[in-house]
Number of protein chains: 2
Amino acid sequence: MDATHAFEHLPHKTIERLSQYRRALLICLENKKTHIFSHEIAKIQHITSVQVRRDLMLIGYSGTLRQGYNIQELIDLIGEIIDSEELTKVAVMGLGDLGRALVNYFHDKRSKLDIVAIFDINPDKTGTLFNGVPCYSVEEIPTIIQEENISIGIITVPAVQAPVTAGRLVKAGIKGILNYTPTPIQVPNDVYLEELDMITTLEKIAFYVKLSDEKNALKQ
Amino acid sequence: MDATHAFEHLPHKTIERLSQYRRALLICLENKKTHIFSHEIAKIQHITSVQVRRDLMLIGYSGTLRQGYNIQELIDLIGEIIDSEELTKVAVMGLGDLGRALVNYFHDKRSKLDIVAIFDINPDKTGTLFNGVPCYSVEEIPTIIQEENISIGIITVPAVQAPVTAGRLVKAGIKGILNYTPTPIQVPNDVYLEELDMITTLEKIAFYVKLSDEKNALKQ
DNA sequence: TAAATACTGTTAAATAAATAACAGTACAAA
DNA sequence: TTTGTACTGTTATTTATTTAACAGTATTTA
Ligand SMILES: NC(=O)c1ccc[n+]([C@@H]2O[C@H](COP(=O)([O-])OP(=O)(O)OC[C@H]3O[C@@H](n4cnc5c(N)ncnc54)[C@H](O)[C@@H]3O)[C@@H](O)[C@H]2O)c1
Ligand SMILES: NC(=O)c1ccc[n+]([C@@H]2O[C@H](COP(=O)([O-])OP(=O)(O)OC[C@H]3O[C@@H](n4cnc5c(N)ncnc54)[C@H](O)[C@@H]3O)[C@@H](O)[C@H]2O)c1
């Protein structure tokens, strides 16, 4: 009945890549391309063509020999798998530099995800619209989250405020949280949590840069 | 001689976690804790204590039975492994909302990574200081990158400008790039590239939220 | 001083993910 | 026609990562 059920056991990494494939495919579509080969997708994503074909096999999509994959069809299929039928509503907690960047970024994206609310404690910000999205006070969290049926919260408040903000979201019945602050938070098991810190990413890059530097130094 | 050599084959995931452990440990240190158990670190990072102990085994660090790990020692050791001896210099490309958020975020972090330059095309921004960091014009990319010995570039320009910006960085001899725009870029093999898009992260969260919703619906 | 407890550290096993190998096929060129 | 080429799709293998199992031990409790 529901397509999702069959895709329950897709590898986590495949889910991520499907989202990335779609993003790339949408750009190709804008450039009036109608078909694409696995090795073209692979090049864009910095992976191998085998991996692309394997992912597409897992979702049961077949291309045409010598023509490749139909871009529009593939976009639609990926949508059926990873998107919800209804809009998934998202709230941004904290309208600072990062919050603004995220709301702006979303603004021109046509997507099944929609930022429909911002929450802040600063009275200069609450009650205003930013990019068409209303900014509410934190007192309104429970009512707005429930009335609007918001399922995902993005935390971009000052780091020390992250745990209390997460607590409010959980209490309001949020289903998923993306925490951008460097302060790790605790949530119940049934809330899907992702924490993403730039420092970790940069430190990883720095480590591998250092490693390759040292290898080059040895060669000489 | 150099400690790094022995740590060349650490799993990528371990490298990421070491950075995260350190971040958490620094907070603990501020709270006047001196020792910590593997299960405490695990809880903070949402992983198992076995994984923590295994990671620490891989880097050859031993704790004390019944006392746990010495936080300061562990922080220092992680630093020896993942940090470079000298400061790793970083440039931010594009001083928009996201660029500002990143520079601000770094500002109060004591770290071996340092944002020392910003590049922008907007003449209102070039020639100024933001948070103490000079903003240069894009023409100055080659000279500044080389003179300052900048090894990592963070791309936060408008998406369409990402490929040309990456090209300039590569030409200037950059070693690693973190691309925050949704436009995938191509770089030579010897440049370490990481691309990070919020939409992918959010779509993944949305997928697993949907999955768990459907499971709950079935149960009833 | 013996047993229970609460940890660490290591090896072994299981799981997840990526890669390789290769069979199949439409099309083009000879 | 036949052969070569350039692809897809699938299964098998390898590699990477996580988890489990458990041996070892300092400390407390009885
Ligand atoms: N993960 C990353 O890569 C990354 C990058 C940059 C910044 N950050 C982090 O993101 C967070 C936000 O950064 P920023 O530069 O936008 O900060 P900012 O200070 O510009 O903005 C914070 C906003 O949150 C609001 N706020 C404060 N307390 C609040 C509360 N309890 N509830 C709701 N709103 C509240 C403030 O009024 C302000 O508008 C910081 O924790 C920062 O460390 C993370
Ligand atoms: N990965 C994510 O999670 C995420 C989140 C938000 C935004 N983004 C992306 O990050 C990018 C920046 O977002 P923003 O909100 O800061 O945009 P912005 O428009 O506020 O800022 C862009 C800045 O880049 C400068 N610029 C333009 N062309 C340039 C060039 N060729 N060289 C140097 N500087 C140049 C502009 O003058 C401006 O200051 C966008 O591509 C956006 O899509 C990514």
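Chain naming here is simple, since letters A, B, ... match the order of the sequence lines and numbering starts at 1 in each. Treat the numbers as computed from the prediction; the structure is a model and nothing was measured.
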*Name the one of I141(B), I118(B), V138(B) that satisfies side chain to side chain contact (heavy atoms under 4.5 Å, CB included) with M93(B)?*
I141(B)

Between [Y] and [X], is the closest basic N to carboxylate O distance under 4.0 Å?
| X | Y | result |
| --- | --- | --- |
| K112(A) | E85(A) | no |
| D213(A) | K210(A) | no |
| R22(B) | D83(B) | yes |
| K89(B) | D114(B) | no |

*Got a sec? Which of residues 58-68 of chain A come in under 4.0 Å of DNA chain C, heavy atoms?*
L65(A), R66(A)

*asked:* Could you tell me the boundaries of the chain A footprint on DNA chain C, defined by atoms under 4.0 Å from its heavy atoms?
replied: dA17(C) to dC27(C)

_Can you confirm whether K33(A) is buried at NZ, in the sense that more than 12 heavy atoms of other residues, nucleotides or ligands lie under 6.0 Å from that atom?_
yes

*asked:* Is it true that, when you exclude N31(B) itself, more than 12 heavy atoms of the residues, nucleotides or ligands shown sit nearer than 6.0 Å to its CG?
replied: yes

Under 3.5 Å, which N/O atoms of the protein pair with N/O atoms of nucleotides 14-20 of chain D?
unit_1, atom_1, unit_2, atom_2, d
dT18(D), OP1, R17(B), NH1, 3.1
dT18(D), OP2, R17(B), NH1, 3.0
dT18(D), OP2, R17(B), NH2, 2.9
dT18(D), OP2, Q51(B), NE2, 3.1
dT18(D), O5', Q51(B), NE2, 3.2
dT19(D), O4, R54(B), NE, 3.1

*What is the distance, rounded to the nearest whole Å, between atom CZ of R53(A) and atom P of dA6(D)?*
14 Å

*Nearest whole angstrom, please: distance from the C1' of dC7(D) to the CE of M57(A).*
17 Å

*State, yes or no, whether a side-chain contact exists between L178(B) and Y180(B) at a heavy-atom distance under 4.5 Å.*
yes

*Evaluate the side-chain proximity of R17(B) to Q51(B): yes if any heavy-atom separation is below 4.5 Å, no if none is.*
yes

*Taking T14(A) for its side chain and L10(A) for its backbone only, find out whether a donor-acceptor pair lies under 3.5 Å.*
no

*Contact class for S38(A) vs. all strands (heavy atom < 4.0 Å): base, sugar-phosphate, or nothing?*
sugar-phosphate

